[in-house]
Amino acid sequence: MKWNINDVIHGFKVKKMEYIHEVVSDAYELEHIQSGAKLLYLDNSDDNKVFYICFRTTPDNSKGTPHIMEHSTLCGSRKFPLKEPFVELIKGSLNTFLNAMTWPDKTMYPVASRNNQDFHNLMDVYLDAVFYPNCIKDPQILMQEGWHYEMENKEGPLTYNGVVYNEMKGALSSPEALLQNVAMEALFPDVTYAVESGGDPEVIPSLSFKEFTEFHRKFYHPSNSYLYLYGDMDIESTLQFIDEEYLSSFKKQVVDTEVKTQSTFSVRKECVGKFGITDEENETNKSIHALFTACDDHMSTANLLALKILNYTLIDMEGAPLKKALIDAGICNDVSGALETSLKQPVWTIEITGSNPDDKEKFANIVDTTIRKLTLGGIDKEMLTAALNRAEFILRESDFQGKPKGLYYGIHIMQMWLYDREPLQALRYEENLKILRNGIDEGYFEALLLKYFVQNEHQVLVTMNPEKGLTEKKNFAIAEQLEDFKQSLSDEQLNHIIETTKALKVRQASRDTEEALKTIPLLSRTDLNKKIEIFTQTESEIRGITRLSYDDNTSGITYLNLFFNLNNLDSSEVPYAYLLMMVLESMNTVKYTYEDITRISNMYTGGLSFTVSCYGHKSNNEKYVPVVVVRGKSLTTNVDKMMELLGQILNHTDYRDTNRLKELLMEEKAAWDMSLFERGHSLVMQRLMSYYSKVAKFKEQGSLSYYYFLNELVATFDENSSIIIDKLKQVASKIFVKNNLTIQEVGGIEERAAVSKHIHLLIDDMLEGVPCNSTYFVFEDSVVNEGFLSSGKVQYVARGGNFRQHGFSYTGALRVLETIVRFDYLWKNVRVLGGAYGAFTQFATNGDSFLCSYRDPNLSETLNVYKNMPEYIKNFNVSEREMTKYVIGTMASSEVQLTPLMKAERAMVMRYSGMTNEERQHIREEIINCSVEDIRNTADLVNCIVNAPYFCVLGSEEKIKAEHTLFNKVRSLRK
């Protein structure tokens, strides 16, 4: 260990230290003596260093002050007097993570980087931002990030605008978010969780600048802070920097931010809420019922893990008894459960969707009866064992898809640390696994159900019912309220609003001075890694099948990927391929029931997945390789079990169980119904590109087209079930054949040997099949330029085209242009001036390109912003320093730590797309050497994109209908 207990290092006193085996780290808990700041350091060899500063923020109203403060602190500070240092860091940092996040009781500012100087720079900007922000002196920052009155002239309407205001209009458009708000208010009426820390749009406009600044003064003091450091760094110089530059300027003080505990209820509460649907939607089977249960404020980490396992066993696992009881009762289309652990009192939620208002009592009775039976009669031990094995695999694998694992450890720590409990317990799991494994035979899980559910009345039963026109009613009420307010104002007051609107727009449109920009520390182009990472796999044959081996250290885990070419399908069968992926592993096979499949999978594998994918050609959007990808992972000692199970699923699934198939279809539709608006940006981007790209047209068959296909199947299932079953069998028999198969394994010598030894369990029963052809699918042309109606309050606005179809080629400058457009032009015009939460763009190597806004209050205005972009690019002019910043920001994505599985996927992309290492290297060099002139030279290319006759919008029914003349077709998102 570096230090001893009570050592003082640059003002920090060592309070505790120990080795944490589970994360291979020496852990130190310190406290800054003068300021009272708490600090936790995980010392290890990981070069992906992580820092955050977190504050306990406990609001007593729904004005969104914590959320708006999170945005606003990053809008300039003492040492970095720019309008938005956060954006400048994104443009010009090699960060592997950079963001800020607000929870109901805390606000966190995390950064990560693998470059030592970059890491130091990020810490400096963030610490200055939280302790010395300009937002507590400049009301215009609150106006921009939070809310403000907006009026162009006396004849025009008075409206609200602001980034968080519009963000929360979008966030609280979903039934799920509204359900959570209703439940939390009822479950925790006397504590901070009763309010919406993100902000309720109906309440946000009551936040004053005085309240805003007082919030910072109270909560953003070091005595109320939690600092976290992770990774391989010069810790002594880091602590010296934090002490001398920041904490030494503060003295410890008492900050009353305690998260109080809600007293328990003597009887379960009930409440009802509403959510909006469009006029075209049917109200039948749209209700949601949910039971929220609050737990202890001192629950052990073993019990928390056990409750997660219980939630999976009773609700999420195939054959889960509680889910089965609710589905069999015919009162819903889908059942879900969740355990929220980022609160002082964890909350367990059991929820059904696709229900009706009068099913509330049935729902509650079935939940109560089923859980009582399980408590008294016992839970299936095999199911518990399988669920525990699954949880253990996830914990040991620690796969965060390339994101810094140190960040996830740090977030997990706050689930204890924030409530003055032992933070390092959050990282330990070995002892908990032993306790739970022994507890399966000792009634441990049944005792938890008894304590936290059967004997616990701290519960809320919530029903959410749909109401047509609810969103429009609320919008009208706000508009009417604003009009009444406008009429009450004097000419002087009206002029003041008009002038402040103009002044804010002037500020938003202005550019930072070169002097201000130079305050942000910057690396140089020479700091960039000029060489690409090579992803090499070895090709061979195994039993006549192409075998690709990606060699890497996988710590005793074998990753198996199976690629089945889909070119033997006809176009009408493609939607059924997507449907097939949904039902696989969830239906019986000749040998196993679907419950057996789940148990075996959890017992012996780290999970199986089945997806339709598509690899587009590097330079031609009419060429692509459509595949089904089957992924499995297991300990290398269990490869035989994984192979045998996959063989059963792929070769012997029985699709004839009509009731089970209908149940799966209803669940799938319910899941889509609940998530449609939240995934609106991805839906419109895929739909948009399908207008002009054949590869995107194929992918779109699994997007909105699939949703409409699914709706039709559900509506006509009873009369067409035999046809659907025959289609699934037919499609499966065409896909899962040896002649269409490519096998890829990821691992070392032992993993390859295990695959070789046991591959027969997978392919012995597989049909030979017909070798796949090289023809492409021909789908029916859809109407272009569609507007999709939803009950949401904001829009997702997409526009695009293909530049190769206009004779342009791809260059690395387009990658840099993406960074410039996203974090300068679109940021300023769509987010800052327009009030949207965000906007982004893509220029793909095959020419497919788009621009898209996210949670956008506007529609035609944003389309016009897109149209004006070529002029901006043509006149683009920045200093060499600023150009270097954009290049560095573009290169940040190459700093991501790739897992072995991610590297293997990159290798497959290269194989199927035709991209060579030489081409990748050339693109990287073009990025690193990109100049202002290179960016200007893309103006004509961008012009052909924004003037292509293609756009697509998903958003508010009211907004789209008001601008319906823009569209060739307007249609409802849901039925």
Side-chain angles (χ1 to χ4, degrees), residues 166-167 170 173 616 621 675-708 782-790 792-803 805 814 817-818 821-823 825-827 829-831 834-844 846-870 941-957 959-960 963-973:
N166 289 318
E167 177 191 350
S173 290
N621 72 353
S675 65
L676 272 172
F677 191 75
E678 286 302 304
R679 62 205 288 192
H681 57 298
S682 61
L683 295 177
V684 297
M685 286 187 294
Q686 199 61 63
R687 187 74 167 196
L688 168 79
M689 288 192 291
S690 74
Y691 298 157
Y692 51 84
S693 168
K694 289 189 177 180
V695 61
K697 187 77 170 177
F698 177 87
K699 292 179 180 179
E700 208 280 325
Q701 303 309 303
S703 188
L704 268 179
S705 289
Y706 176 71
Y707 176 64
Y708 288 123
S782 59
V783 177
V784 301
N785 302 352
E786 298 161 291
F788 292 94
L789 305 173
S790 79
K793 300 174 184 177
V794 289
Q795 283 65 246
Y796 303 96
V797 183
R799 176 160 221 144
N802 182 287
F803 58 79
Q805 293 169 357
L814 291 172
L817 181 65
E818 288 176 357
V821 168
R822 181 174 183 181
F823 296 112
Y825 182 76
L826 292 179
W827 185 277
N829 291 286
V830 176
R831 188 185 193 274
Y837 185 55
F840 33 90
T841 186
Q842 172 189 290
F843 300 95
N846 69 358
D848 287 344
S849 305
F850 65 78
L851 300 101
C852 185
S853 64
Y854 184 81
R855 291 181 180 170
D856 188 348
N858 301 308
L859 199 166
S860 58
E861 298 90 341
T862 298
L863 290 172
N864 287 332
V865 168
Y866 298 159
K867 294 276 276 186
N868 294 330
M869 201 167 85
L941 180 152
V942 173
N943 189 61
C944 80
I945 297 299
V946 300
N947 283 295
Y950 306 116
F951 57 86
C952 183
V953 179
L954 185 158
S956 145
E957 177 179 23
K959 188 76 169 178
I960 289 178
E963 303 195 45
H964 69 276
T965 55
L966 289 171
F967 303 100
N968 290 328
K969 187 170 186 178
V970 172
R971 60 190 301 184
S972 178
L973 187 62

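Atoms considered below: every heavy atom in the structure, side chains included; atoms not considered: hydrogens, waters and symmetry mates. Predicted, not measured: the structure shown is a model, and the values here were computed from it.
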So, does [X] use its side chain to make a donor-acceptor pair with the main chain of [Y] at under 3.5 Å?
X: Tyr692; Y: Gly801; answer: yes
X: Glu786; Y: Phe967; answer: no
X: Glu963; Y: Lys959; answer: no
X: Arg799; Y: Val946; answer: yes

Donor on one side chain, acceptor on other, Asn621 and Lys694, under 3.5 Å
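No, no side-chain donor-acceptor pair sits under 3.5 Å.
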Say whether Ser705 and Arg687, considering side chains only, have a donor N or O and an acceptor N or O under 3.5 Å apart.
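Looking only at side-chain atoms, Arg687 and Ser705 do form a donor-acceptor pair, the distance falling under 3.5 Å.
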Hey, can you tell me if Phe850 and Phe840 have their rings parallel, tilted or perpendicular (30° and 60° cut-offs)?
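Phe850 vs Phe840 ring planes: perpendicular.
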Aromatic plane relationship, Phe803 with Phe843 - under 30° parallel, 30 to 60° tilted, over 60° perpendicular:
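Aromatic pair Phe843/Phe803 classed tilted.
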Please find the pair of heavy atoms, one from [X] and one from [Y], that lie closest to each other, and give the distance.
X: Val695; Y: Ser693; result: CG1-OG, 3.1 Å
X: Asn166; Y: Val794; result: O-CG1, 3.7 Å
X: Gln795; Y: Pro857; result: NE2-O, 3.3 Å
X: Met869; Y: Tyr825; result: N-OH, 3.4 Å
X: Ser849; Y: Ala844; result: OG-N, 4.3 Å
X: Lys793; Y: Ser173; result: N-OG, 3.0 Å

Any [X] side-chain heavy atom under 4.5 Å of [Y] side chain:
X: Tyr866; Y: Ser853; result: yes
X: Val942; Y: Leu817; result: yes
X: Tyr796; Y: Phe677; result: yes
X: Pro949; Y: Val784; result: no
X: Leu966; Y: Leu859; result: yes
X: Leu973; Y: Leu704; result: yes
X: Phe788; Y: Cys952; result: yes
X: Val797; Y: Asn858; result: no

Starting at [atom1] of [X], measure out to [atom2] of [Y] and round the result to the nearest 0.5 Å.
X: Asn829; Y: Asn868; atom1: CG; atom2: CG; value: 8.0 Å
X: Ser690; Y: Gln701; atom1: OG; atom2: CD; value: 8.0 Å
X: Leu789; Y: Arg971; atom1: CG; atom2: CZ; value: 10.5 Å
X: Arg822; Y: Arg831; atom1: CZ; atom2: CZ; value: 11.0 Å
X: Thr862; Y: Leu826; atom1: OG1; atom2: CG; value: 9.5 Å
X: Leu688; Y: Leu683; atom1: CG; atom2: CG; value: 12.5 Å

Go through Val830 and Asp856 one step at a time and tell me if the side chain to side chain contact (heavy atoms under 4.5 Å, CB included) criterion holds.
CA-CA 8 Å; Val830 176; Asp856 188 348; 4.1 Å; yes
If you apply the rule side chain to side chain contact (heavy atoms under 4.5 Å, CB included), what do you find for Leu941 with Leu814, and how did you get there?
CA-CA 10 Å; Leu941 180 152; Leu814 291 172; 4.0 Å; yes
